[in-house]
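To start, the structure itself, in structure tokens.
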Amino acid sequence: MGRDKPGREQADFDPQDMSRDMVGRDMDPAPERKSPDPEESPQKRERRHVYGTVMSRMRRGLMIGAFLPGEVMSLRKLAAEFGTSAMPVREVLSRLVAANALEEMPSGSARVPRLRPARLRDLFAVREVVEGTAGEWAAKHGGLTLADDLLRINNELHAAIDKRDILGCLSLNQQFHFMLYEASGSDVLVPLIESLWLQFGPTMYMSLLIPSMPWDASHHEHVVDALRAGDGAGVRQAIVGDIRSTCAALLSVTGESGIADLPFIARAGALTYPSARGA
């Protein structure tokens, strides 16, 4: 996501309310469907379905920023929000800890990592390589149809920015990137990118809270233009620029103990979100 110029009209929002709202709203992809095993019991099949649904929603929530860095995962609250027992939630959290998307605390609870500066730099440097490559490859396969589809998403993103629709901004940003990456035709790159987004996704939510460096969609526009021109190197350059600008914005407000400890996070209810889309 590109950054807009500071000093635009702003409107209040409460990020804690938004985070809670995003878990329960229509943000989840359909769980992966597998052919039923005729010998599998109905009870086992139902458990597998519930687990898949919870995992899908948790992954989606982490990737688009529905959970805050440092946020402790409550089994009881998540189970209530997902309408299930604590058992599948506990299993999903354990899997996400193993995937480095969550971290285990001494108490045994799981929380979203705080991501100190060195970790942020590491993740975003790897993103540049992997996502830049996926974007360049997509230019060989996607053509004008992909450019048109991405332009439509980016126009919706502009509208979400103007309306201060935080959920819409995060969700549409993720849709834009993954439509591009999936067009690369690589069965290797996309899972790698998903694993990276699981780890840094909550910082995208935090990037909305930086008043001096608000979002715009200029890098996305450069991606679309490069796709229309069949310029794979140009797509890579635009994606790398997008990633670097977000990383720089986050590092500018990240303390040594992580972004979640900053005073402006504690005062998040009083923060504002810019509405302007560009210079």
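The shortest non-hydrogen separation linking Pro113 to Ala101 is CD-O, 3.2 Å. Taking each heavy atom of Ser207 and Thr246 in turn, the nearest pair found is CB-CG2, 4.4 Å. The minimum heavy-atom distance linking Val223 with Leu180 is given by the pair CG1-CD2, 4.1 Å. In this structure, Met204 and Asn173 approach most closely via the heavy-atom pair CE-ND2, 3.5 Å.
Here the side chains of Met58 and Met73 are in contact, with some heavy-atom distance below 4.5 Å. Between Phe124 and Leu250, the closest side-chain pair of non-hydrogen atoms falls below 4.5 Å. The closest side-chain heavy-atom distance from Ser171 to Arg60 is below 4.5 Å. With contacts defined as side-chain heavy-atom distances shorter than 4.5 Å, the pair Arg228/Leu151 qualifies. The closest side-chain heavy-atom distance from Trp137 to Lys140 is below 4.5 Å. Contact of the Ile239 side chain with the His177 side chain is registered, since non-hydrogen atoms from C-beta on lie closer than 4.5 Å. Using a 4.5 Å heavy-atom cutoff, the side chains of Thr53 and Thr84 are not in contact.
Surrounding CE of Met87 are at most 12 heavy atoms belonging to other residues, nucleotides or ligands under 6.0 Å away. Remark: Gln237 CD is loosely packed, at most 12 non-hydrogen atoms of other residues, nucleotides or ligands lying under 6.0 Å away. Residue Arg95 places its CZ atom among 12 or fewer non-hydrogen atoms of other residues, nucleotides or ligands, all under 6.0 Å distant.
Note on Leu62 and Val72: separate hydrophobic clusters, where clusters join Ile, Leu, Val, Met, Phe, Trp and Tyr whose side-chain heavy atoms are under 4.5 Å apart, directly or indirectly. Val129 and Leu198 end up in different hydrophobic clusters when Ile, Leu, Val, Met, Phe, Trp and Tyr side chains are linked at under 4.5 Å. Residues Leu192 and Ile243 share a hydrophobic cluster, clusters being chains of Ile/Leu/Val/Met/Phe/Trp/Tyr side chains in contact below 4.5 Å.
Salt-bridge formation is detected for the pair Glu194/Arg59: a Lys NZ or Arg NE/NH1/NH2 atom is positioned less than 4.0 Å from an Asp or Glu carboxylate oxygen.
Here the side chain of Ser56 pairs no donor or acceptor atom with the backbone of Gly52 at under 3.5 angstrom. Not one N or O on the side chain of Gln174 forms a donor-acceptor pair closer than 3.5 Å with the backbone of Leu170.
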* List the steps and the verdict of side-chain contact (heavy atoms from CB on, under 4.5 Å) for Leu115 and Thr254. => CA-CA 9 Å; Leu115 294 185; Thr254 300; over 6 Å; no
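Aromatic ring orientation, His220 versus Phe176: parallel (interplanar angle below 30°, classes split at 30° and 60°).
Geometrically, Arg48 does not engage Tyr51 in a cation-pi contact, judged by NZ or CZ lying under 6.0 Å from the ring centre and within 45° of the ring axis.
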